[in-house]
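Sequential numbering from 1 along the given sequence is applied to the chain's residues.
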Amino acid sequence: MIEIFKSGGMLMYGILLLSILGTTVIIERFVYFLKNEKGIKNQLKAQLEEAITSKDKELAISLCESGNSSSLKVLKELILEHDFDEKVDIEYLEEKARERALIEIPKLENHMWLLGVVAHVTPLVGLLGTVSGMIVAFRVIAVVGSGKPEMLADGISQALITTAAGLTVAIPALILYNYYNKKIDHVVNEIERTAVEFINSLRK
């Protein structure tokens, strides 16, 4: 395996670095979403609705603190800012929801740009290795001709190995980049839905 890696040339170190970077981001995002973004379960949602309907502010805040999801943090912010015994200021609550969402969304997108770089740059590095390998091969042909294929092996193997390595890193990185972006969109939609449902409940 080490010999194959060395046959790919210096660009293999760049691909290795990108693979480590991508793997680190993938694991970090997996742990983050697993710990924090589990959504609001139906039982908790029913308890929150009951607490809000009965105007039990302390219970509603306590229920929001029972989870780490972004939607619960936004909902907690709205409950803290609203006095159930006074007239509802809908515009103010909508602004507070946007303000809190702007705090939470960057946490969801943290390091995603790095995973995007890995997904899009790694195949280009592999392609550069392919071109470099072919240049080496054609240079050998120009010097000694095509009668000694064993002398072409280094250039051709470099071209094939860097291409394969680049695609091996880029394909899963691209798949998971799109998956996490879809996950982020889902969480943002849940934040918006939770805030709208709470504000609409106050209009009644």
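Closest of all the heavy-atom pairs between Asn68 and Lys73 is O-CE, 3.4 Å. The minimum heavy-atom distance between Ile191 and Ser70, with the atom names listed, is CD1-CB, 3.5 Å. Smallest separation of non-hydrogen atoms from Ala195 and Ala97: CB-CB, 4.0 Å. Residue Pro172 comes nearest to Leu167 through the heavy atom pair CD-O, 4.2 Å, listed as atom of the first residue, atom of the second, then distance. Closest approach of Lys96 to Leu78, counting heavy atoms only: CB-CD2, 4.2 Å. Contact detail for Ala170 and Thr122: the closest heavy-atom pair is CB-CB, 4.2 Å.
At a threshold of 4.5 Å between non-hydrogen side-chain atoms, the residues Glu91 and Glu95 do not count as touching. Using a 4.5 Å heavy-atom threshold, the side chains of Leu16 and Ser19 count as touching. Put simply, the side chain of Leu108 does not reach to within 4.5 Å of the side chain of Lys183, judged on heavy atoms. At a threshold of 4.5 Å between non-hydrogen side-chain atoms, the residues Phe198 and Ile79 count as touching. The shortest distance between side-chain heavy atoms of Leu48 and Cys64 falls below 4.5 Å. Residues Glu104 and Val188 fail the side-chain proximity criterion, which asks for heavy atoms closer than 4.5 Å. Between Phe30 and Leu176, every side-chain heavy-atom pair lies at or beyond the 4.5 Å cut-off. Side-chain atoms of Val125 and Thr162, non-hydrogen and from C-beta on, never get closer than 4.5 Å to each other.
To the nearest 0.5 Å, the span separating CD on Gln47 from CD on Glu49 amounts to 11.0 Å. Taken from NZ in Lys45 to CG in Leu75, the straight-line distance is 10.5 Å, to the nearest 0.5 Å. With values rounded to the nearest 0.5 angstrom, Ser71 atom OG is found 7.0 Å from Glu37 atom CD. In this structure, CG in Leu115 is found 8.5 Å from CG in Leu21, a value given to the nearest 0.5 Å. Atom NZ of Lys57 and atom CG of Leu80 lie 6.5 Å apart (nearest 0.5 Å). To the nearest 0.5 angstrom, Ser62 atom OG is 10.0 Å from Lys76 atom NZ.
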Criterion side chain to side chain contact (heavy atoms under 4.5 Å, CB included) on Asn110 and Arg29, from CA distance to verdict: CA-CA 8 Å; Asn110 195 29; Arg29 288 291 82 191; 3.7 Å; yes
Working note: Met112 + Ile184, criterion side chain to side chain contact (heavy atoms under 4.5 Å, CB included); need CA distance, chi angles, decisive distance, verdict. CA-CA 10 Å; Met112 283 298 295; Ile184 291 168; 3.9 Å; yes
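Taking the six-membered ring for Trp and the full ring otherwise, Tyr180 and Phe33 have centroids separated by under 6.0 Å.
The 12-atom threshold is not exceeded at CD of Glu50, counting heavy atoms of other residues, nucleotides or ligands nearer than 6.0 Å. Heavy-atom contacts from other residues, nucleotides or ligands closer than 6.0 Å to NZ of Lys107 number more than 12.
By the rule that hydrophobic residues join a cluster once side-chain heavy atoms approach within less than 4.5 Å of another member, Val131 and Leu124 end up as members of separate clusters. By the criterion of side-chain heavy atoms lying less than 4.5 angstrom apart, applied directly or through intervening Ile, Leu, Val, Met, Phe, Trp or Tyr residues, Trp113 is grouped together with Ile105 in one hydrophobic cluster. Hydrophobic clustering of Ile, Leu, Val, Met, Phe, Trp and Tyr side chains at less than 4.5 Å, counting indirect connections, keeps Leu17 apart from Ile27. Put simply, Tyr177 and Ile175 are part of two different groups of oily side chains (I, L, V, M, F, W, Y) that touch within less than 4.5 Å, one to the next. Linking ILVMFWY residues whenever their side-chain heavy atoms come closer than 4.5 Å, directly or via other members, places Tyr13 and Val121 in the same cluster.
Under the 3.5 Å distance criterion, the side-chain polar atoms of His186 are left unmatched by any main-chain donor or acceptor of Lys182. Checked by atom type and distance alone, the side chain of Asn178 pairs as donor or acceptor with a backbone atom of Leu174 at under 3.5 Å.
When each of Glu81, Glu77, Arg98 is checked for a side chain to side chain contact (heavy atoms under 4.5 Å, CB included) with Leu93, only Glu81 meets the rule.
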